[in-house]
Asker: 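Handing you a structure now.
Computed from a predicted structure; not experimentally measured.
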Amino acid sequence: MAVQPAKARREDRMIDWLGDPANWQGSGGVPIRLLEHLAYFGVTLLIAIAIAIPLGLYVGHTGKGGVAIAGVANSLRALPTLGLLILAYLLLASVFPGNLAFSVPSILVLVVLAVPPILTNTYAGVRAVDAEVKQAGYGMGMSGAQVLWQVEVPNAMPLIMAGVRSSALQIIATATVAAYVSLGGLGRYLIDGIAQRDYPQVLSGAVLVAVLAILVEVVLSVLQFMIVSPGLSARGRRNRKSEGPVAVRSDTPSTAASTSGNHE
């Protein structure tokens, strides 16, 4: 019974922190921290897409290097995030001047962790395209590049977008952890709040990161809805099921003949 009032007080203090105008102004205010987080997220996701999708399409289309890609991707996923961040910072911080000493090593680590979901999903999506569909493309006179862009990529798009969405959430979460190496963004509220024992600040930072992750997931879901063919999406499959088996009209010749025979 004593837990409920304590929880209520923490929630009230979090609301007070979020409602304090002082926390929404200046270089440490919520808008600036949010823009920093979005900047790290956007730059990292674009670099990861530029690396992973062409490589995944090439490996998936040619079938060369699939085992190596799977092994490397699984190895990258197993890397400890915080340890990798600290190692990259120690090795590269002295190479870059000013704020780049913090942002470049962190973005490099974010890219390393963001590439595997997009790469493996792109490769798997292309490899999963029905061989008969691809052969039909070649049979129509398409070149290898035309089959890739007009047949394989559209069919693989649901899995490619699933990889991009997974990578996006990975970046948002890891950028929060990157605040340990003095990176900006919403993660500062968690790191600084713990250091100052300011738990309303920590809780507010966690809520802001969660809301940002949900909004990004919603935006990417809408984007996937717009660019994936309805015939390849779940809604297309539901529509086909709802249509049910094709009804046979009673006035078709076969049905009429059968009916006539029964009467005889």
Side-chain angles (χ1 to χ4, degrees), residues 38-79 81 84 88 104 106-175 213 216-237 240:
L38 286 174
Y40 303 142
F41 163 76
V43 171
T44 303
L45 186 61
L46 288 177
I47 295 175
I49 288 175
I51 295 173
I53 289 185
L55 184 58
L57 292 178
Y58 172 78
V59 175
H61 180 68
T62 62
K64 299 178 181 177
V67 175
I69 288 297
V72 171
N74 289 332
S75 300
L76 292 177
R77 284 176 169 174
L79 292 174
T81 302
L84 191 61
V104 172
S106 300
I107 289 177
L108 177 63
V109 172
L110 292 177
V111 170
V112 168
L113 298 174
V115 163
I118 304 175
L119 176 60
T120 54
N121 276 44
T122 302
Y123 164 73
V126 173
R127 297 301 293 174
V129 177
D130 195 323
E132 294 184 355
V133 176
K134 290 187 282 187
Q135 287 302 322
Y138 286 115
M140 294 171 62
M142 290 184 178
S143 63
Q146 288 175 318
V147 169
L148 172 63
W149 290 109
Q150 298 181 28
V151 177
E152 292 176 325
V153 169
N155 281 279
M157 192 55 71
L159 272 180
I160 295 174
M161 284 302 302
V164 172
R165 290 166 59 184
S166 175
S167 180
L169 296 180
Q170 173 80 46
I171 295 170
I172 291 175
T174 309
V216 168
E217 173 67 10
V218 170
V219 170
L220 291 178
S221 297
V222 172
L223 179 63
Q224 179 173 349
F225 180 85
M226 295 172 62
I227 66 176
V228 173
S229 171
L232 299 173
S233 63
R235 70 183 189 279
R237 291 192 293 273
R240 287 196 294 273

Asker: Starting at OG1 of Thr44, measure out to CD1 of Ile107 and round the result to the nearest 0.5 Å.
Answerer: 5.0 Å

Asker: With a 3.5 Å distance limit and no angle check, can you tell me whether Ser221 reaches the backbone of Glu217 through a side-chain donor-acceptor pair?
Answerer: yes

Asker: To the nearest 0.5 Å, what is the distance between CD1 (Ile118) and CE (Met161)?
Answerer: 9.5 Å

Asker: If you round to the nearest 0.5 Å, how far is CD of Glu152 from NE2 of His61?
Answerer: 5.5 Å

Asker: Enter the distance from Leu119:CG to Ile69:CD1 here, rounded to the nearest 0.5 Å.
Answerer: 4.5 Å

Asker: Which heavy atom of Gly125 sits nearest to which heavy atom of Ala156, and what is that distance?
Answerer: C-CB, 3.4 Å

Asker: For a side-chain contact (heavy atoms from CB on, under 4.5 Å) check, start with the C-alpha distance between Leu110 and Phe41, then their side-chain angles and the critical distance, and finish with the verdict.
Answerer: CA-CA 9 Å; Leu110 292 177; Phe41 163 76; over 6 Å; no

Asker: Where is the tightest heavy-atom contact between Ala168 and Leu220, given as atom of each residue plus distance?
Answerer: CB-CD1, 3.5 Å

Asker: Could you grab the distance from atom CD1 of Ile171 to atom CG of Leu38, nearest 0.5 Å is fine?
Answerer: 11.5 Å

Asker: Ignoring hydrogens and angles, tell me if any N or O in the side chain of Ser167 forms a donor-acceptor pair with the backbone of Gly163 under 3.5 Å.
Answerer: no

Asker: Compare every heavy atom of Gln170 with every heavy atom of Leu113, then report the nearest pair and how far apart it is.
Answerer: O-CG, 3.8 Å

Asker: For Leu159 and Ala124, which heavy atoms make the closest approach, and how far apart are they?
Answerer: CD1-C, 4.0 Å

Asker: Where do Gly65 and Val59 come nearest, in terms of heavy atoms and distance?
Answerer: C-CG1, 3.8 Å

Asker: Would you mind telling me which of Ile47, Leu46, Leu45 makes a side-chain contact (heavy atoms from CB on, under 4.5 Å) with Val43?
Answerer: Ile47

Asker: Please report the closest heavy-atom contact between Gly60 and Val126, naming both atoms and the distance.
Answerer: C-CG1, 3.4 Å

Asker: How long is the span from the CG atom in Leu57 to the OG1 atom in Thr122, to the nearest 0.5 Å?
Answerer: 6.0 Å

